[in-house]
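Written below as structure tokens is the structure these notes are about.
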Amino acid sequence: VNSLVLAIIGLRAVALSLFLAGDTKSSERLYLLADLVEAGKATDEHMSAVAEKLRSRTITDADWDELFQRIEADRERLHSD
Amino acid sequence: MDLRNSAVNRHKTKLLGIIMIVLGFLQTDTALKGLVPENLYALLVSLAGLGTLICGFLNSFESTQPDAPVNKQAGSVRLAMLFTLVVTTFTLISMGCTGMQAAYKQADTIDEQAYVVAEHYASLVKEAADLKEKPSTPRAVVTRMREADLAAAPVVNRVRDLRKSYLTIRDAKTELELQEAVNEAILLVADLVRAVKQARGEST
């Protein structure tokens, strides 16, 4: 069992309890914190996959092309209104 | 035995907070961490979370009873609970960067270093975009992440161009240029990391 997953579940459970108790501001902050922890976990998993790729083979131009396609798509999402 | 008026009942939320603090502390110390098996730790955290959820319901119910005494401690208990959760979460976050370290350690050549820093940037941009799409993320946080991205993007693009030059020519000059660009990109990617961390700090 991943302790980060438990932390995320715990944070969301407490956020829900605070919301039900009427403390919506604290609840929203905890939900945000849970989102940030979840995002950090995804980043670390992504970098683990990168390490594995480097271990197993040489990086090619196709890898770079695919990487920059991802970057462009995510930058578009980040900067769109 | 009057369970309703017992000390355990009156201080149940505080006790759960203490349990969370102890569990968080156990994870920060390498020697103590080994004392609690991972599955038991998982179970204890789940039970503490469930208990806090139930206490949240009970506190809410008690405070809405017309003849019930005003619970002056409710606010401070919630603050303590928040503090505990924040400390626990940051402890877990600080432990959870093994993938990042593995990727940078695995990069032996300048070409691979360039790839790792570009992948690191890509993962952060995805993280920032995902956070931006969550309704709970404040506007100021999104703005800070966008600014950090605008600073980093041109340098990461330059890393890609210089990598191509380096692989074509493979001389000392192109290698040095690529190394300098990678170093600059690492600093700007670190700014992007800080933007997310700062966002985290502002929100707590």
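Below, read A as the first sequence line, B as the second, and so on, with proteins coming before strands; counting in each chain starts at 1.
- Note: B:Arg160 CZ to A:Asp65 CG = 5.0 Å, rounded to the nearest 0.5 Å.
- Residue B:Asp108: no heavy atom, backbone or side chain, is found under 4.5 Å from chain A.
- Crowding of A:Glu76 atom CD: a count of heavy atoms from other residues, nucleotides or ligands under 6.0 Å not exceeding 12.
- Nearest heavy atoms, B:Ala102 versus A:Ala51: C-CB, 3.7 Å.
- Summarising the geometry, atom CG belonging to A:Leu78 is positioned 9.5 Å from atom CG belonging to B:Leu131; distances are rounded to the nearest 0.5 Å.
- Only one option out of A:Glu52, A:Arg55, A:Lys53 pairs with B:Gln106 in a side-chain hydrogen bond (donor to acceptor under 3.5 Å, both in side chains); it is A:Arg55.
- The main-chain N or O of A:Arg70 is never found under 3.5 Å from a side-chain atom of B:Lys126 such that the two would form a donor-acceptor pair.
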Exercise. Evaluate the salt bridge (Lys or Arg N to Asp or Glu O under 4.0 Å) criterion for residues B:Lys132 and A:Asp74: first the C-alpha distance (whole Å), next the side-chain angles of each, then the deciding distance (0.1 Å), finally the verdict.
Key: CA-CA 11 Å; B:Lys132 178 238 164 189; A:Asp74 288 328; over 6 Å; no
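- Within the 4.5 Å cutoff, the side chain of A:Leu67 has no heavy atoms near those of the B:Tyr121 side chain.
- When heavy atoms are compared at a cutoff of 4.5 Å, A:His79 approaches chain B by way of both its backbone and its side chain.
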Quiz item: Checking side chain to side chain contact (heavy atoms under 4.5 Å, CB included) for the pair B:Val159/A:Trp64: CA distance, chi angles, key distance, verdict?
Solution: CA-CA 11 Å; B:Val159 165; A:Trp64 278 87; 4.2 Å; yes
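- Atoms CG and NE2, from B:Leu124 and A:His46 in turn, are 9.0 Å apart once rounded to the nearest 0.5 Å.
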Self-check item: Derivation of the salt bridge (Lys or Arg N to Asp or Glu O under 4.0 Å) call for A:Arg77 and B:Asp130
Solution: CA-CA 8 Å; A:Arg77 282 198 300 131; B:Asp130 289 345; 3.0 Å; yes
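- Contact annotation for A:Ser80: both backbone and side-chain heavy atoms come within less than 4.5 Å of a heavy atom of chain B.
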Exercise. For the pair A:Arg75 and B:Leu150, evaluate side chain to side chain contact (heavy atoms under 4.5 Å, CB included) and give the outcome as yes or no after the intermediate values.
Key: CA-CA 9 Å; A:Arg75 287 198 76 222; B:Leu150 287 173; 3.7 Å; yes
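- Contact tally against chain A (heavy-atom pairs below 4.5 Å) for B:Ala107, B:Ala118, B:Pro135: the top residue is B:Ala118.
- When atom types are taken as modelled, the side chain of A:Asp44 and the backbone of B:Met100 share a donor-acceptor pair closer than 3.5 angstrom.
- Within the 4.5 angstrom heavy-atom criterion, no atom of A:Ile9 approaches chain B.
- Contacts of A:Phe19 with chain B are absent, with no heavy-atom separation under 4.5 Å from either backbone or side chain.
- The two atoms that bring B:Arg163 and A:Thr60 nearest to each other are NH2-C, 4.1 Å, heavy atoms only.
- Nearest approach of B:Glu127 to A:Thr43, heavy atoms of both residues: OE1-OG1, 2.6 Å.
- For the pair B:Tyr115 and A:Val50, the tightest heavy-atom approach, listed with the atom from each and the gap, is CE2-CG1, 4.2 Å.
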